[in-house]
2 protein chains.
Amino acid sequence: MFSKACEYGIKATIYIASNSHEGKRVSLKGISKHIDSPEAFTAKILQILARENVVNSIRGINGGFEIEESQLEKIQLADIVKAIDGDAIYKGCGIGLKECNEIHPCPIHNDFKIVRNELRNLLETTNLKSLAMDVNSGASFLKV
Amino acid sequence: MFSKACEYGIKATIYIASNSHEGKRVSLKGISKHIDSPEAFTAKILQILARENVVNSIRGINGGFEIEESQLEKIQLADIVKAIDGDAIYKGCGIGLKECNEIHPCPIHNDFKIVRNELRNLLETTNLKSLAMDVNSGASFLKV
DNA sequence: ACTAAATAGGATAAATTTATCCGAATAAAT
DNA sequence: ATTTATTCGGATAAATTTATCCTATTTAGT
Ligand code: FES
Ligand code: FES
């Protein structure tokens, strides 16, 4: 469904968000430890997310990653997925026709479109704040 | 979403089905031409599908691939996907936790589960015959 | 028996994704 | 200024997926 990079990106961002929500900045080391991901690879992904303004990166001592409190409700899962995996999962044909086209549909188009749109809806309406709060309250988990 | 191999597998199987439904056996060459896929790679995928009894392969002159008419309604998209990509897409956690677990859920579990189950339902209830008939009637397409 | 046409399957190559390594840049603290 | 902790970014390596090539096997027809 999502690439490994995207999975790490989602988990990392939620972890950053759950700390930012409590006023804490987190380091790459802390992130990859808490989401159980390879450190150097996670660094690459965070670079992408920083460039795309999903997270803020701060260099130097006491540096790390954070997200402004005011942004937590504005950033959606879709922003992360789009930055890393692109938009094929929203727009692409389920069996790889060059484009998903209503008047030249593939055999699964009609049913697939519905599922894809629901996935899209999920990603576009789920914001970081709610995900972070669930993690903070112990209602959901980022590893194991 | 699906691997390239799986996309080719689905298209190839539907193409075989649409011909079998009209009593015609098709060759690898014809298949990869009509679904626009690399021939040798498609051969590998058809080998898998033949081993898993999704399609019948016939060797030698006038050989090729076919599916018994009586099977067309029994084979579901899920059978193809399972044979090629496995069942992670049905059962796996959306962000890669070791298992999708109701009492140790990831942050997107509740929403993702619904989408995943609908995808599962789509794949498990769509049979080859209906897909083949849509292709034969010109209602849907396998390439471009 | 021989030939021709087809799939099976092993070996290999190319491309992409995933992962690691290391020096450069940055910033705080001393 | 120097040291230290941190991210950035380029180079590279490992693993996986995608793709190709070639020989073996099978089958029908002659
Ligand atoms: S054309 Fe395939 S999903 Fe729309
Ligand atoms: S635990 Fe992640 S989808 Fe169920």
In terms of the angle between their ring planes, are A:F141 and B:H104 parallel, tilted or perpendicular, with boundaries placed at 30° and 60°?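 Taking B:H104 first and then A:F141, their aromatic rings lie parallel (interplane angle under 30°).
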Rounded to whole Å, please give me the gap between [atom1] in [X] and [atom2] in [N].
{"X": "A:N56", "N": "C:dT26", "atom1": "CG", "atom2": "C1'", "answer": "16 Å"}
{"X": "B:I16", "N": "C:dA6", "atom1": "CD1", "atom2": "P", "answer": "15 Å"}
{"X": "A:I48", "N": "D:dC8", "atom1": "CD1", "atom2": "C1'", "answer": "13 Å"}
{"X": "A:L46", "N": "D:dT6", "atom1": "CG", "atom2": "C1'", "answer": "13 Å"}

Interatomic spacing from [atom1] in [X] to [atom2] in [Y] - rounded to 0.5 Å:
{"X": "A:L77", "Y": "A:L128", "atom1": "CG", "atom2": "CG", "answer": "7.0 Å"}
{"X": "A:Q47", "Y": "A:S57", "atom1": "CD", "atom2": "OG", "answer": "8.5 Å"}
{"X": "A:C93", "Y": "A:N101", "atom1": "SG", "atom2": "CG", "answer": "10.0 Å"}
{"X": "B:S27", "Y": "B:I31", "atom1": "OG", "atom2": "CD1", "answer": "6.5 Å"}
{"X": "B:L142", "Y": "B:S18", "atom1": "CG", "atom2": "OG", "answer": "6.5 Å"}

Could you walk me through whether B:L131 and B:I10 pass the side chain to side chain contact (heavy atoms under 4.5 Å, CB included) check? CA-CA 10 Å; B:L131 296 170; B:I10 292 171; 5.9 Å; no
Which residues within residues 22-31 of chain A lie with some heavy atom under 4.0 Å of an atom in DNA chain D?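 Residues of residues 22-31 of chain A that come under 4.0 Å of DNA chain D are, in numerical order, A:S27, A:L28.
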Heavy-atom protein contacts under 4.0 Å, nucleotides 17-30 of chain D, coded B base, S sugar-phosphate only, - none: -SBB----BBBS--
Going by an N to O cut-off under 4.0 Å, is there a salt bridge joining B:K33 and B:E39? no
Whether B:E102 and B:K113 form a salt bridge (side-chain N of Lys/Arg under 4.0 Å from carboxylate O of Asp/Glu) is what I want to check.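 Yes, this pair counts.
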Criterion side chain to side chain contact (heavy atoms under 4.5 Å, CB included) on A:K11 and B:I95, from CA distance to verdict: CA-CA 7 Å; A:K11 287 189 270 196; B:I95 57 171; 3.6 Å; yes
Angle between terminal axes - the helix from C:dA1-D:dT30 to C:dT30-D:dA1, 5 pairs each end, rounded to 10°: 0°
